[in-house]
Amino acid sequence: MSPEDSEETLPLLRPPDASVPRGRRVFLAAFAAALGPLSFGFALGYSSPAIPSLRRTATPALRLGDSAASWFGAIVTLGAAAGGVLGGWLVDRAGRKLSLLLCTVPFVTGFAVITAARDVAMLLGGRLLTGLACGVASLVAPVYISEIAYPAIRGLLGSCVQLMVVTGILLAYVAGWVLEWRWLAVLGCVPPTLMLLLMCCMPETPRFLLTQHQHQEAMDALRFLWGSEEGWEEPPIGIEHQGFQLAMLRRPGVYKPLIIGISLMAFQQLSGVNAIMFYAETIFEEAKFKDSSLASVTVGIIQVLFTAVAALIMDRAGRRLLLALSGVIMVFSMSAFGTYFKLTQSGPSNSSHVGLQVPMSAEPVDVHVGLAWLAVGSMCLFIAGFAVGWGPIPWLLMSEIFPLHVKGVATGVCVLTNWFMAFLVTKEFSSIMEVLRPYGAFWLSAAFCILSVLFTLTFVPETKGRTLEQITAHFEGR
């Protein structure tokens, strides 16, 4: 199909103006599913306010030392990696809707275990359970939303997954100002409980129902979500579409999107976003902010605002343009961030914090503060750039590019890659800085950002305005 043909079909894919229930119901279903990513974001953000609170707790058995605090933050990524594998299995066997309902169980159970914790082991166990739920939700929610949305709004609704994630992180940061760790865990039970209630009233995706040979139920779900069957392109369902086999990896329609999906997830983590988040509070302290926790909230607000901007323009600007623009912004901001470390470093040291904690003794204080403001500006620019492209789009593309018969396995591999890389980068970044020095580590991240731009321009297709069947046909050369 030529681009001209694709453009000519677009009006048929948009809902008629008179069909008000069509738009309302598909947005409601997307919101219900996106409560999973909101819960996922809250679980990620929970450690930031909870760790200081647990360090100060009066109960010795619950008090976190340096090692326990490190694991309290990082163990979520290990649970999420396992959740990605579990989610890939569930999404094809239990369905998209039931998978979302099931992931509410480890979310609520994990936060309940943290609330009732009597020792550090219970705290880590609760975090592991919430991580498992994060992995399932991060896979299933984008798939569910992409399969219920018509092409004209798939970018908008798909980007709302990342928007809800960063909103959940911000909610945890803000709530952490007024709630101690137990009550913060109680609050964490609210979003998954609400998702459980709302998803019970939502249909399964028509595409999954068709794989189960439930054609009438699929059409009923489509009419509930869209208000009519106008613009629906029924995917081909045959014996060959009923499960994944290794021989399928020889097909360009399978291995090409799989390579792209894995690469996008790897580049997302190699961009250095976790390193920036790790140093956020210390950077703000260097810039003489009295309340260093303002750093977390400021970063959260920037993420929410620019992810919302990305969602609003996604279906107009397209995925490739935003990914490339995002990568270029991150290259400049990471280069400036590395320059800050180079200018403020005070000589040979093995400390990975040297650039932040020890000002140059030969420099006047106001010069050092000015350099700290360079770091703050670079950090804010990086977060904005990441939120516009490399934050939401890899998750959106993951839900769009895979054919129906391999979607569960392929998305599971992509989610596993993302969470494994997140764990690896988080745990090993300090070691990299000892070898390359802080400025070298951030310049290395800038180099990965350059590679991500080149990869996007060379290999990533534009999916804006295309049906999922047209995207599959593109990879298969049809």
Side-chain angles (χ1 to χ4, degrees), residues 39-83 105-135 168-193 274 277-285 289-297 299-300 350-353 356-357 419 422-424 426-431 434:
S39 307
F40 152 32
F42 190 92
L44 289 183
Y46 175 80
S47 61
S48 182
I51 288 176
S53 180
L54 284 164
R55 285 183 182 275
R56 299 189 303 265
T57 186
T59 308
L62 289 169
R63 198 171 300 139
L64 295 181
D66 290 341
S67 177
S70 173
W71 277 107
F72 188 80
I75 200 169
V76 169
T77 59
L78 294 181
V105 176
F107 265 132
V108 174
T109 303
F111 279 118
V113 169
I114 292 173
T115 302
R118 295 291 179 266
D119 53 36
V120 172
M122 288 186 69
L123 291 174
L124 296 180
R127 290 286 285 167
L128 188 64
L129 282 173
T130 57
L132 183 72
C134 287
I169 294 173
L170 179 59
L171 176 62
Y173 290 164
V174 174
W177 275 354
V178 294
L179 298 176
E180 58 98 27
W181 63 275
R182 284 193 196 273
W183 285 106
L184 197 60
V186 172
L187 180 61
C189 296
V190 175
T193 302
N274 283 303
M277 302 298 272
F278 178 77
Y279 279 113
E281 291 197 13
T282 311
I283 291 168
F284 272 67
E285 288 177 356
F289 280 91
K290 300 298 182 184
D291 187 357
S292 62
S293 62
L294 179 64
S296 298
V297 175
V299 167
N350 289 327
S351 172
S352 62
H353 295 264
L356 285 173
Q357 294 182 339
W419 287 107
F423 175 78
L424 197 64
T426 302
K427 296 297 287 183
E428 297 300 325
F429 191 75
S430 60
S431 300
E434 288 182 5

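Just so it is clear, the structure is predicted and the values come from calculations on it, not from any experiment.
Side-chain contact between Thr130 and Tyr46 is absent, with no heavy atoms from C-beta onward closer than 4.5 Å. In this structure the side chain of Trp183 never reaches within 4.5 angstrom of the side chain of Leu187, judged on heavy atoms. Within the 4.5 Å cutoff, the side chain of Pro49 has heavy atoms near those of the Leu184 side chain. With contacts defined as side-chain heavy-atom distances shorter than 4.5 Å, the pair Phe111/Val190 does not qualify. In this structure, Phe72 and Leu124 have side chains that are in contact, with non-hydrogen atoms separated by less than 4.5 Å. Two residues are said to be in side-chain contact when any heavy atoms from C-beta on lie closer than 4.5 Å; Trp181 and Leu123 meet this criterion.
For Phe107, there are no ring-ring contact (aromatic ring centres under 6.0 Å, His included) partners two or more places apart in sequence or in a different chain.
Ala69 and Ile51 make their closest contact through O-CD1, 3.6 Å (heavy atoms, listed as atom of the first residue, atom of the second, distance). When every heavy atom of Arg118 is checked against every heavy atom of Ala61, the shortest pair comes out as O-CB, 3.5 Å. Closest of all the heavy-atom pairs between Thr77 and Ala422 is CG2-CB, 4.4 Å. Between Thr115 and Ala185 the shortest heavy-atom distance is OG1-CB, 3.4 Å.
The CD1 atom of Ile75 sits 11.5 Å away from the CG atom of Leu132 when rounded to the nearest 0.5 Å. How far CG of Leu64 is from CG of Leu54: 4.5 Å, rounded to the nearest 0.5 Å.
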(request) Take Trp71 and Val120, measure what side-chain contact (heavy atoms from CB on, under 4.5 Å) needs, and give me the verdict at the end. (result) CA-CA 10 Å; Trp71 277 107; Val120 172; over 6 Å; no
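Looking at Arg182, its side chain never comes within 3.5 Å of a backbone N or O of Glu180 through a donor-acceptor pair.
Residues in residues 126-135 take part in no salt bridge (Lys or Arg N to Asp or Glu O under 4.0 Å) pair, two or more places apart or across chains.
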